[in-house]
Amino acid sequence: MGTRQADAELRAAGEAPTAVPASEARTGPLTLLTSQQLRIARTVAKGATNREVARQLSISTRTVEYHLRNIFQQLGVRSRVALARVLEPELLLPAPVNGSADVSATSGVSPLT
């Protein structure tokens, strides 16, 4: 059974398709990581300790340590800082302009126009 047929049957049954659309497929070095490793890497890159990662993902700290060793090896990094740099483009969020939350008050332009 092909992916399209399986997705169509899932939709017919009222379920969401499980396949990742090509537009959402990961690219770059992160494709080397499993989904569990990617969750751990993202959480660590945001500054969480191994204990915090374990708590958030309901796994042991030894499991986090095991996955981190493999993540570091697969991505060719040696530290949490280097890991954060690899994941930085994925983790960046748009920041407010000049630290101001309401630009309309100073520009005289309504944000809805």
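Given the structure is predicted, the values throughout are model-derived calculations rather than measurements. Along the sequence shown, residues carry numbers from 1.
Summarising the local packing, CD of Gln73 is surrounded by 12 or fewer heavy atoms from other residues, nucleotides or ligands at distances under 6.0 Å.
When all heavy atoms of Leu87 and Ala41 are compared, the closest pair comes out as CD1-O, 3.2 Å. Across all non-hydrogen atoms, the minimal contact from Ala54 to Ser60 is CB-C, 3.8 Å.
Every residue two or more places apart in sequence or in another chain that forms a side chain to side chain contact (heavy atoms under 4.5 Å, CB included) with Arg39 is listed here: Ser35, Gln36, Leu57. A search for side chain to side chain contact (heavy atoms under 4.5 Å, CB included) contacts involving Phe72 returns Leu68, Val77, Arg80, Leu83, not counting sequence neighbours.
The CG atom of Leu33 sits 5.5 Å away from the CD atom of Gln74 when rounded to the nearest 0.5 Å. Rounding to the nearest 0.5 Å gives a distance of 7.0 Å between CD1 of Ile71 and OG1 of Thr34. Note that CZ of Arg62 is 6.5 Å distant from CD of Glu65, once rounded to the nearest 0.5 Å.
Partner of Gln37 under the side-chain contact (heavy atoms from CB on, under 4.5 Å) criterion, chosen from Asn70, Leu32, Leu30: Asn70.
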